[in-house]
Amino acid sequence: MTPSQASRSTPPTTSADIRQAYLDFFQQRGHKLRASSSLVPEGDPTLLFTTAGMVQMKDYFLGRTKAPAPRMTSCQKCFRTTDIDSVGDSKHLTFFEMLGNFSVGDYFKKEAVAWAWEFVTDVLKLPKERLWATVYLDDDEAYGYWRALGVPEERMRRYGESDNWWGPPGDEGPCGPCSEIHYDFGAEYGCGKPGCGEPSCPCGRFVELWNLVFMQFYQDKQKKRTPLPKPNIDTGAGLERFSAVQQGKRTVYDTDVFQPLLRGIARLAGTTYDKDESADYAMRVVAEHARGVTFLIADGVTPGNEGRGYVLRRILRRAVRFGKKAGLKSPFVGQIAQAVIERMGKQYPELVRQRESILRVIGEEETRFSETLDAGMAILNESLLDAGIRGDHTLLGTEVFRLHDTYGFPPELTEEIARERGFTIDRAGYEREMEAQRERARASTKFTVGERGSVDAYQRFAKSGLRFVGYDTKRHKSKVVGILAGGAPVQGAEKGQEVEVVLQETPFYAEGGGQVGDTGVLRGPRGVIQVTDTQRPLADVFIHRGKVVEGGVAVGDSMDAEVDAARRDDIASNHTGTHLLHAALRKVLGPQVRQAGSLVAPERLRFDFSQLVALAPEELSQVQALVNDKVRQDVPVRYKVLPYAQAVAEGALAFFGEKYGDEVRVVEVDGDADAFSRELCGGTHVARTGVIGLCLVVSESSVGSGMRRVEALTGRAAEAHVQSRLGLLERVARQLQATPDTLDARVKALQDELDKERKRASALERDVAKRAVESLLADVRQGDGVNVLAARVPASTTEALRETGDWLKAKLKSCVLVMGAVIEEQPRFVVMVTPDLVQKGYHAGDIVKKVAAVAGGGGGGRPELAQAGGKQKDKLDEALRLVPQFVKRS
Ligand code: ALA
């Protein structure tokens, strides 16, 4: 009997069984099983997260890529941000699993409807009288299919766009009318208001179980719809909701998906779930967000201040705050994440693979935030009090900003807390503060203080149609349209003056996209300007910074602008090298690798990317080998200018949060549709990869949580590096009287020799020490009728002092030993008394106290062993001399 036949007789109830039954059911109907894709959509910057099973199918529906099979099924990890603030009530989720079946131009409405009905009634065995079906207004076809399966008219509804039209996800993409199956928990759970008798009532009596989308259109940013190449099917059913109805529960939090987590949280908080609604609410927030956080980090998201990183930070911090409300003590999120990994790691092995990183990232972020949470809450309470006294129930934007900037409170968190107390926040004021901060940051990184005022001065050039012509040339003649000196516009400048020159057209690349600005010379009829940097203070304004080194310059002059070509070539080599490295990292480590920042300079390149653990040496050499393969193949680097949507659809890597214009430049290395690397990039590149010569990765390190940095050299710099390393090798070899080839063996031989010598030296030292000890034996005196030995020992540590004592004790059998030494400039004493003398009443602790007192110190210890230190090292000998007086029975 197959598992699914088994499920025919007994309906699946656990979430794991339901998931399996669904995937089996559709595989038996010719669907190819697709693994869940990452929560971070691959090469799709139109979406922050994967929000539905269809996200990985988008290109198939659009006819851009051939689907691996016309029928597919999956259980997809999804994350939606819309309801974050509602999580905690009994319904909402950020992270959930979506079961889906897809047809790419294969079957359509009839089969989709029939199979959905068969699954819910025959496999899940849900009572038919609790099931409702809805269709889009005029979709008589779908309506007819439901009716033919026996759904009575009274449990069917036609709804408009807000209910029965799905998509596109994001600003644009595929969409279509849909048809849904709803489950009725029963009138006793309804609100009883007029209209409560049907699925559109939001009161919770009904739950939407399954959405069947008849994907037929592409909707662009302007909301214009065009038919897709073929009609498709995209369905989505929430696993958590299926679990609730199968387990006879009212909410997803009462199912096996959340109950074990909630019980664990309650145990940690020393309480039980289901006792007090406000504590339950807090525990649900913790459980839901901890689950979301675990999955996000496993897919390479790390806490940050924008985009995905910000969402992660926001829910993690929200979990910490609610955890505190529930009585949990930080750090606790990691423990819940552990439970999530235990429970879900089988289905999602990335959780197990990334366990260490998940726990580390959570630990760091939670610790940081929980340290400022209390202080921030105190400030917030005060501010709310002030707002109350002011009589306006709005928290000032400056305060929301301060809470964010100093105490790490995401504004949404502040807003939520304020709302709980009946206040709102001044969001616009907060945004203004944020913008001012960004402006300050920009000003301080891009401009020196004296030039800050000049941002306005640049504005005048913004509409002058300035143009960068440097992709094709490094030399170009153009007119000076403006000159700034000391940040202010001037008509001309003379030799010795620092200036900023604006040209109508320029071959100089202005710093951007990680690539540094060009340097070079501007030669005009009156003089020469040495350009040391090119910047872009505004989108289309290029500023040549430099000094007039000969004669002068005036507005209107025609200048021959010449970029330092060798430097630019080095930069181009590093820029293409960066793209190759990025592509190779993704190939070796996986597509979750995302660029987080880069620096492309003439001497080197630096590439930061999301990656939780350090690269193994083999991975690093694999990456480097892949890059150099492409270099040796001398493949072409081409660029084309495309509409943004098309570029992304063709798989160009773009970065969420970056601003791109409508038209973008796409740089491709090796090929077209199947290019080795394809990125949106405005930088300058080599024409063929062979120019790079060699790419050497010289370091790999961590830069903050979840981020790694690779530094590499290409071209001349790589050659110079190899040269200098080879030189070093030669020098070292010569010093060791070897050649580079025999250096290995030579170093090994020297090490062996050193080991041997070390052993010999230590044998000699022991020998000397033993002799010294033996000579000390001659100093044994009788005092108070017992053997007393007081001696200065040449020891440099207290351990050595004690060791000598042990030796002497072994020789003398019965004695009182007092040893002194100057250790780290201070007198130290160790006193030992053999057991027979301890029995007679001698006490090492008492003796050491008196001895040390002579040298200005104190100490104590057990009867058989005691140690002490003093302050005056010149009193050491005197103290030892007086020992016989101190040896008394106590
Ligand atoms: N894509 C559809 C949804 O998310 C199935 O509801």
Side-chain angles (χ1 to χ4, degrees), residues 18-19 22-23 25-26 31 34 36-39 41 44 46-62 67 71-83 91-109 111-117 119-120 132-136 139 142 146 159-183 199-200 202 206-219 225 228 231-242 244-245 252:
I18 297 169
R19 190 196 289 121
Y22 185 97
L23 298 175
F25 179 87
F26 282 100
H31 291 64
R34 299 287 289 168
S36 170
S37 60
S38 165
L39 284 172
D44 185 352
T46 65
L47 281 178
L48 197 54
F49 294 110
T50 296
T51 50
M54 57 73 72
V55 169
Q56 60 163 314
M57 313 284 167
K58 248 167 93 174
D59 280 357
Y60 310 146
F61 292 156
L62 297 175
R71 297 177 183 188
M72 288 170 282
T73 183
S74 70
C75 176
Q76 174 67 50
K77 307 182 269 191
C78 296
F79 193 95
R80 291 186 181 175
T81 55
T82 30
D83 297 320
K91 289 201 281 206
H92 291 95
L93 296 174
T94 57
F95 173 86
F96 62 99
E97 292 175 84
M98 186 183 280
L99 298 163
N101 52 292
F102 309 90
S103 152
V104 182
D106 190 58
Y107 64 85
F108 200 44
K109 295 185 190 182
E111 293 84 344
V113 167
W115 285 331
W117 188 250
F119 185 77
V120 292
W132 288 58
T134 66
V135 300
Y136 183 62
D139 192 350
W146 291 114
Y159 292 139
E161 291 234 345
S162 62
D163 291 304
N164 278 61
W165 188 279
W166 196 86
D171 294 343
E172 56 184 321
C175 61
C178 61
S179 187
E180 297 174 343
I181 300 178
H182 293 257
Y183 181 83
S200 58
F206 291 87
V207 60
E208 177 202 322
L209 278 186
W210 203 334
N211 187 9
L212 318 179
V213 185
F214 310 130
M215 210 60 110
Q216 281 163 280
F217 300 95
Y218 175 81
Q219 180 172 308
R225 287 177 188 158
L228 290 174
N232 308 284
I233 290 293
D234 152 39
T235 88
L239 175 63
E240 295 79 1
R241 290 183 182 179
F242 267 169
V245 293
V252 295

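Just follow the structure's listing: the first ligand is 1, and inside any ligand the first atom is 1. Here the structure is a predicted model, which means the values were calculated and not measured.
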S.K.: Nearest protein heavy-atom contact for atom 1 (N) of ligand 1: which residue, which atom, what distance?
M.R.: D234 OD2, 2.7 Å

S.K.: Closest non-hydrogen protein atom to atom 6 (O) of ligand 1, residue and atom name please, with distance?
M.R.: N211 ND2, 3.0 Å

S.K.: For W166, take its heavy atoms, then give the atoms of ligand 1 lying under 4.0 Å from any of them.
M.R.: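 Under 4.0 Å from W166, ligand 1 has these atoms: 1 (N), 2 (C), 3 (C), 4 (O), 6 (O).
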
S.K.: What atoms of ligand 1 come within less than 4.0 Å of a heavy atom belonging to V213?
M.R.: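 Matching atoms, with element in brackets: 2 (C), 5 (C).
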
S.K.: In terms of atom number and element, which parts of ligand 1 are under 4.0 angstrom from non-hydrogen atoms of M54?
M.R.: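 Listed by number with element, the hits are 1 (N).
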
S.K.: How about H31 and Y107: are their ring centres within less than 6.0 Å of each other?
M.R.: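 Yes, close enough.
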
S.K.: Just need the protein heavy atom nearest to atom 5 (C) of ligand 1, so name the residue and atom and give the distance.
M.R.: G236 N, 3.3 Å

S.K.: Below 6.0 angstrom between ring centroids: does that apply to W210 and Y22?
M.R.: yes

S.K.: Would F95 and F79 count as a close aromatic pair, with their ring centres under 6.0 Å?
M.R.: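 Ring-ring flag for F95/F79: false, centres at least 6.0 Å apart.
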
S.K.: Rounded to the nearest 0.5 Å, what's the gap from CD on Q56 to OG1 on T50? Could you check?
M.R.: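 Going from CD on Q56 over to OG1 on T50, the span is 8.5 Å.
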
S.K.: Going by the atom numbers of ligand 1, which of them fall below 4.0 Å from some non-hydrogen atom of R80?
M.R.: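 In order of number, 4 (O).
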
S.K.: About how many Å separate CZ of F214 and CG of N164, when rounded to the nearest 0.5 Å?
M.R.: 9.0 Å

S.K.: What atoms in ligand 1 come closer than 4.0 Å to a heavy atom of A52?
M.R.: 1 (N), 4 (O)

S.K.: Name the orientation class of the two ring planes belonging to W146 and W117 (parallel below 30°, tilted from 30 to 60°, perpendicular beyond 60°).
M.R.: perpendicular

S.K.: Hey, is T235 touching ligand 1 through its side chain, its backbone, both or neither, going by heavy atoms under 4.0 Å?
M.R.: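 The part of T235 near ligand 1 is the backbone, not the side chain.
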
S.K.: Say whether T235 and W115, considering side chains only, have a donor N or O and an acceptor N or O under 3.5 Å apart.
M.R.: no

